[in-house]
2 protein chains.
Amino acid sequence: MSNYYQGTSRHLVAVDCVIFGYEDDLLKILLFPRRVEPAQGEWSLMGGFVDENESIDDAAIRVLQLTTGLTNIFMEQVKAFSDPLRDPGARVISNVYFALIRIDRQDTNIIQAHGAKWWPITQFPPLIFDHNQMVAVSLSRLQMKAGLNLIGHELLPDFFTLRMLRKLYEAIFQRPLDPGNFRKKVLSLNVLQKSANKDKTHSKKGSYFYHFEKKEKQDNGNFIFKL
Amino acid sequence: MSNYYQGTSRHLVAVDCVIFGYEDDLLKILLFPRRVEPAQGEWSLMGGFVDENESIDDAAIRVLQLTTGLTNIFMEQVKAFSDPLRDPGARVISNVYFALIRIDRQDTNIIQAHGAKWWPITQFPPLIFDHNQMVAVSLSRLQMKAGLNLIGHELLPDFFTLRMLRKLYEAIFQRPLDPGNFRKKVLSLNVLQKSANKDKTHSKKGSYFYHFEKKEKQDNGNFIFKL
DNA sequence: ACAAAAGTGTTTTCTCTACACCCATGA
DNA sequence: TCATGGGTGTAGAGAAAACACTTTTGT
């Protein structure tokens, strides 16, 4: 084997996770007070370093598991942030992931042990380093994904009303959507199954709960919503 | 400053570039015979390691400059490939970029000095490691981008016919496009300026040359073509 | 009875698509 | 004049948007 690889720089490589959740009709992100210097105590995304023998995907999965107690989370690589000066503590190349989790399923103890807090995407404190930018890029990636596929499975409880799904999309795209048109569009995709029960908390009439059909015949390739 | 960053693994970080060009009505990629072991002599993307004090963007720009002689190239980060075993020579995390260059502007000497060769995207030799996958992901990213913005500025000569632009899109999406509809759609974007000259090589009547207007008022946010 | 949200239907507008058809010109 | 690609026009399908209207039920 050659020594081609010798004499070249080696880098600290990290992952940072933009963790999205949905609660109280609001799209939220999970933020943590940073435990170490520099910028100790300030709000940041949760991250961690990539180990010798794991892929960065695996590193992100590990970080998510440690911070939320959840496995099998939907998650997608966003992009790498690599300005040599982005982290004043050291030269760290960070790979950003966005994750979608169901807040109702998280392990509250683990979350609290980290001092983590859910913040609305429309109103969260300033973040360290380039983490604000990471959130912004992740949100637009989430919008892109939500326009391509019907998400909700990843963010809502098993059973949800069309109102909830619409509110979720309104939170993601940050604009109101016509209830009637939304309903027609979503149901035309034939991936939702109506249940027998109704949610009566928001209206006298009540709205039916739906849930996602088992086998995902998704990836229709067409856009659901204009962005 | 804390020693939080100590004791963590350091990694070789590389960039690999999927270089797209357009020639003879074909979308092509630029491939290189690998100069070092392992897999010496086999076809691969051009890549290089990220130095201590450069961003990975800068590393990609540097690699592009070294291999094509071009600066100021359009280029976009695609994703990181990080399987610990992806490179049998060492554990290397590679960030893939796709670049769009005008073949007519490249520095032929530099290209030839590397033994590089342009291959049609529809027919190129097997590549080393996970480079085939890198090309596949980059192509679909290119399709996404071409559907969002009108590209062509990055791949075509300054003056081009609508035929050329259409052929480019046909090459990118790998399907025929209706000439009349394509013309109407593209011209409705109001970013092309008709010139006085005609190209008579493809028809007796000749087709006008167009060029992109100076100030890009692009990013209309809407899709140009269904994917 | 009424208010309020769930749910349905209708109308208008816009875009995509297919395809017919005219135009210009070199051979 | 005729074949060929350039360029224009048009009719139909389908989707999106706007919005009127009906249903249900707790208060």
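Values reported hereafter were calculated over all heavy atoms of this structure, with side chains retained and with hydrogens, waters and symmetry mates removed. In the text below, chain A, chain B and the rest are named by the order of the sequence lines, each starting its count at 1.
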Grab the [atom1]-[atom2] distance between [X] and [N] for me, whole Å please.
X        : N      : atom1 : atom2 : result
A:Phe182 : D:dA18 : CZ    : P     : 16 Å
B:Leu162 : D:dG7  : CG    : P     : 6 Å
B:Asn197 : D:dG6  : CG    : C1'   : 16 Å
B:Phe173 : C:dT17 : CZ    : C1'   : 17 Å
A:Phe160 : C:dA6  : CZ    : P     : 15 Å
A:Lys185 : D:dA15 : NZ    : P     : 7 Å
A:Arg166 : C:dA5  : CZ    : P     : 10 Å
B:Leu165 : D:dG7  : CG    : C1'   : 16 Å

Could you walk me through whether A:Tyr169 and A:Tyr22 pass the ring-ring contact (aromatic ring centres under 6.0 Å, His included) check? CA-CA 10 Å; A:Tyr169 265 82; A:Tyr22 182 66; 9.9 Å; no
What's the angle between the local helix axes at either end of the helix from C:dA1-D:dT27 to C:dA27-D:dT1, using five pairs per end and rounding to 10 degrees?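 What I find for the helix from C:dA1-D:dT27 to C:dA27-D:dT1 is an axis angle of 20°.
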Any side-chain heavy-atom pair of A:Leu187 and A:Leu162 under 4.5 Å: yes
Summarise protein proximity over nucleotides 8-14 of chain D in one line of letters, 5' to 3': B for base, S for sugar-phosphate only, - for none, counting protein heavy atoms closer than 4.0 Å. BBB----
Closer than 3.5 angstrom, by distance alone: can the side chain of [X] be matched with the main-chain N or O of [Y] as a donor-acceptor pair?
X        : Y        : value
A:Asn149 : A:Ile151 : no
A:Arg34  : A:Trp43  : no
A:Arg35  : A:His114 : no

Identify, with sequence neighbours excluded, every residue that meets ring-ring contact (aromatic ring centres under 6.0 Å, His included) alongside A:Trp118.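 A:Trp118: no ring-ring contact (aromatic ring centres under 6.0 Å, His included) contacts found.
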Quiz: residues 57-70 of chain A side-chain donor-acceptor pairs under 3.5 angstrom, not counting sequence neighbours:
unit_1: A:Asp57; atom_1: OD1; unit_2: A:Tyr97; atom_2: OH; d: 2.4
unit_1: A:Asp58; atom_1: OD2; unit_2: A:Ser55; atom_2: OG; d: 3.3
unit_1: A:Arg62; atom_1: NE; unit_2: A:Glu54; atom_2: OE1; d: 3.1
unit_1: A:Arg62; atom_1: NE; unit_2: A:Glu54; atom_2: OE2; d: 3.4
unit_1: A:Arg62; atom_1: NH2; unit_2: A:Phe49; atom_2: O; d: 2.7
unit_1: A:Arg62; atom_1: NH2; unit_2: A:Glu54; atom_2: OE2; d: 2.5
unit_1: A:Thr67; atom_1: OG1; unit_2: A:Val63; atom_2: O; d: 2.8
unit_1: A:Thr67; atom_1: OG1; unit_2: A:Leu64; atom_2: O; d: 3.4
unit_1: A:Thr68; atom_1: OG1; unit_2: A:Leu64; atom_2: O; d: 2.7
unit_1: A:Thr68; atom_1: OG1; unit_2: A:Leu70; atom_2: N; d: 3.2

Where do N or O atoms of nucleotides 24-27 of chain D meet protein N or O atoms at under 3.5 Å, pair by pair?
none

What is the minimum heavy-atom distance between [X] and [Y], and which atoms define it?
X        : Y        : result
B:Asp158 : B:His211 : O-CB, 3.2 Å
A:Gly152 : A:Leu168 : CA-CD2, 3.9 Å
A:Phe173 : A:Gly147 : CZ-N, 4.0 Å

For residues 192-199 of chain B, which side-chain donor-acceptor pairs fall under 3.5 Å, sequence neighbours excluded?
unit_1: B:Ser195; atom_1: OG; unit_2: B:Asn197; atom_2: N; d: 3.2
unit_1: B:Ser195; atom_1: OG; unit_2: B:Phe209; atom_2: O; d: 3.1
unit_1: B:Lys198; atom_1: NZ; unit_2: B:Lys205; atom_2: O; d: 3.3
unit_1: B:Asp199; atom_1: OD1; unit_2: B:Thr201; atom_2: N; d: 3.1
unit_1: B:Asp199; atom_1: OD1; unit_2: B:Thr201; atom_2: OG1; d: 2.8
unit_1: B:Asp199; atom_1: OD2; unit_2: B:Thr201; atom_2: OG1; d: 3.3

Any B:Arg163 side-chain nitrogen or oxygen under 4.0 Å from OP1 or OP2 of D:dG6: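 So the side chain of B:Arg163 is within the cut-off, an N or O lying under 4.0 Å from OP1 or OP2 of D:dG6.
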